[in-house]
Amino acid sequence: MNLKQMEKSLLSWRLACLMVVMMFLSMAKPVTSQTSSDRNSTLMRYYCSQYFGMNETYFYQNLNTTLSSLRRQLLVNRVRYALARTLLNGESVWGLASCRGYVSNTNCVACFDYAVSQLRVCGRGNGAHAFYNDCDVRYENNNFYADANIRAGIVICGNITSPQQTEFRKTVEGLISDLRTATPRTSDFYAASTRALPDRSGTVYGIAQCNQNLSQSVCEDCLNSRYSSLDDCLPNTNGRAIDNGCFMRYSSTPFFGQNQTTNITPLLWDGNSNNKRSIIGGVVGGVCLLLLVLAFVLWRLRSKKTSRSQQDKSTGSTELLQGPARYSYNDLKVATENFSDDYKIGGGVFGEVYKGTLKDGETVAIKKTVMASTRGKIHFDDELKIISNVHHRHLIRLLGYCSKGPLLFLVHEFMDNGSLDQFLYGDKSRNLSWRQRFEIIFGTARGLAYLHEQYHVTIIHRDIKTSNILLDDELQPKIADFGLIRLLPEDKTHLSTKLAGSLDSGYVAPEYAIHGQLSEKVDTYSFGIVVLEIISGKRCDDVIDDKSVNLSLLDHAWNLYENGTHVNLIDNRLDASEYAAEDVMKIIEIALMCTQSQVSARPAMSEVVTLLSDKSVDEIPPVRSTFHEDDIKIPIDTSISLSSNATASTVQVSGR
Ligand SMILES: *[C@@H]1O[C@H](CO)[C@@H](O)[C@H](O)[C@H]1NC(C)=O
Ligand SMILES: *[C@@H]1O[C@H](CO)[C@@H](O)[C@H](O)[C@H]1NC(C)=O
Ligand SMILES: *[C@@H]1O[C@H](CO)[C@@H](O)[C@H](O)[C@H]1NC(C)=O
Ligand SMILES: *[C@@H]1O[C@H](CO)[C@@H](O)[C@H](O)[C@H]1NC(C)=O
Ligand SMILES: *[C@@H]1O[C@H](CO)[C@@H](O)[C@H](O)[C@H]1NC(C)=O
Ligand SMILES: *[C@@H]1O[C@H](CO)[C@@H](O)[C@H](O)[C@H]1NC(C)=O
């Protein structure tokens, strides 16, 4: 539907005429240039991922299947919210289509078709998202159904100011505030309502909607953020605010029928938390009211300030991706109670890590580190952009950053379950089943393969270890700290003393430790070590006493392998009925292949993924390292020079 025009002259004969023409055209052909130019005015944003799926043929097949399933659900089941996913041949495509509650079935399908025709320009990009007034459509190569406040908000404000500024502002604020309270309490996370201006000179219209797969509290958080964005539009006569998880819009001109409103009044009181009422009941009314008003004013002031720093406020329409969001230092300070030790969850040479809860309720991990004071700001921005655009199920997402003086704060998604080392051998040591361990191995391999070969820039992690592998609620692995090394102050071509000392020596490939030779195979090596740790439940630097000879885990594994007894490496906490010994032995062999000293003999990570997914592993046997343990020690006093060729991200991968 052409909503912009509707706003100007609803029910004018011109519009009626246009609608007839449009209906005719849309029956003739899904998308015509006529509808296209009309739709353009309601397009809010679209995003294309700049990163490609692995295999074009499979990717398009899966994408088409996902999109046709979405369309069928909208058209045939006459729903306004549809999910579909196709996960064949390693080219997962997860899709979501959502129409606003007031949109008719016909218009919903028309909006979907239009969105799809727009998203086709994204080509092979492995994700895309288009937002319109009537609908939004999104697909990704990972499960994004729980995303909510990801894009740090987009708000599009009208450019006409209401003549009754104060009254208009008050009325709209009342309406959208009630909508954000009521919507999470509806069964379909959608509410539409109207409110008359006090002097009866006009009515304001508003809707709010959340994706149905969010939890109620995430929906609330998402709408709270949209509310503060829209508040910044006032007293303009219309505004629209969106993020991945929710949508909110108000206008002084109708965009839905009077008979399409939701009765939100009971939702404002009945579902209200008991807390609020008992507090109000328990405390002397007047005092409490005063406090509430004060709190509200403070909250408004604060949220206004941050919404300004965080939100991309624009009246433009189409825009491709997106740098990292910038957070305000004050917000991060508040989130961590001034970086108090109580919030510290980790630390190292890279800097301290804090757990923080942002104003919108989102829990994040905040890494505090020292940035180069003089090195090019442009370079730094580029690196952050590269890292923040990495979207993969097995890679921790960089949500944004904040720089203050020499300090750099990186805001990441937070993983409740912490890191893998704590599961394998830390304080929280908890037994993982074979299935869980295998999924961690497989997921980590896929995350690394993505960084090396599927992302448009090759990112070599250089510091793969169990403490850098975090686990989500389902114990799926997510690799942390990739790309971070590129942000550090030292000149890129030098490994400083400080840096070398920070790398856990047990994980570092010998050619990198000794000669500073860098390639993706450095990560392959560390991955092999991690796999041995996962299978054995031992640390790589644990000294294992084998017939009164002290051995590292790696040497121990090689010895067992050479005697054909590597089945003995398996963690004895594992229930033997859970796994087939041959399978685990195959994986130990893959791990040993990864740790071979000859760089070219190590498989690329994509090959590791294939080996792990292939039941009939039948490869060339691994060859034992010729390095001695002493050689692998990292020199602590000197800095190692890397040849500049080695740091270029174009190191050839051999062994294909
Ligand atoms: C619609 O918008 C796109 C992108 O901004 C533009 O390329 C295209 O020419 C527009 N189409 C019409 C018919 O205005
Ligand atoms: C995708 O995979 C199929 C089957 O393995 C193969 O035939 C095809 O050449 C691949 N396409 C590309 C672009 O790699
Ligand atoms: C997917 O759909 C597009 C547009 O309809 C079509 O051009 C393309 O050939 C389809 N690809 C596959 C692999 O089915
Ligand atoms: C408001 O925006 C519309 C289109 O978005 C434009 O045609 C119009 O000129 C603008 N009005 C003002 C007063 O800027
Ligand atoms: C999404 O939500 C619908 C109902 O709201 C539910 O049936 C479905 O299982 C959910 N899907 C996912 C993937 O969470
Ligand atoms: C709302 O009113 C319009 C006419 O104004 C009517 O065509 C439509 O069927 C009504 N919808 C509902 C849900 O009552």
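Every number for a ligand or one of its atoms is a count from 1 in the order of the listing. For reference, positions follow the sequence shown, starting with 1.
- Nearest protein heavy-atom contact of atom 6 (C) of ligand 3 is N64 ND2, 4.2 Å.
- Closer than 4.0 Å to atom 9 (O) of ligand 3 lies none of the heavy atoms of the protein.
- Looking at E140, its side chain never comes within 3.5 Å of a backbone N or O of G127 through a donor-acceptor pair.
- The protein heavy-atom contact nearest to atom 5 (O) of ligand 3 is R120 NH2, 4.0 Å.
- Shortest non-hydrogen contact noted between D481 and H461 is C-NE2, 3.7 Å.
- With hydrogens and angles ignored, the 3.5 Å screen pairs a side-chain donor or acceptor of D360 with a backbone N or O of E362.
- By the 4.0 Å N-to-carboxylate-O rule, K586 lies too far from E582 to be salt-bridged with it.
- Against a heavy-atom cut-off of under 4.0 Å, Q61 is close to the following atoms of ligand 3: 13 (C).
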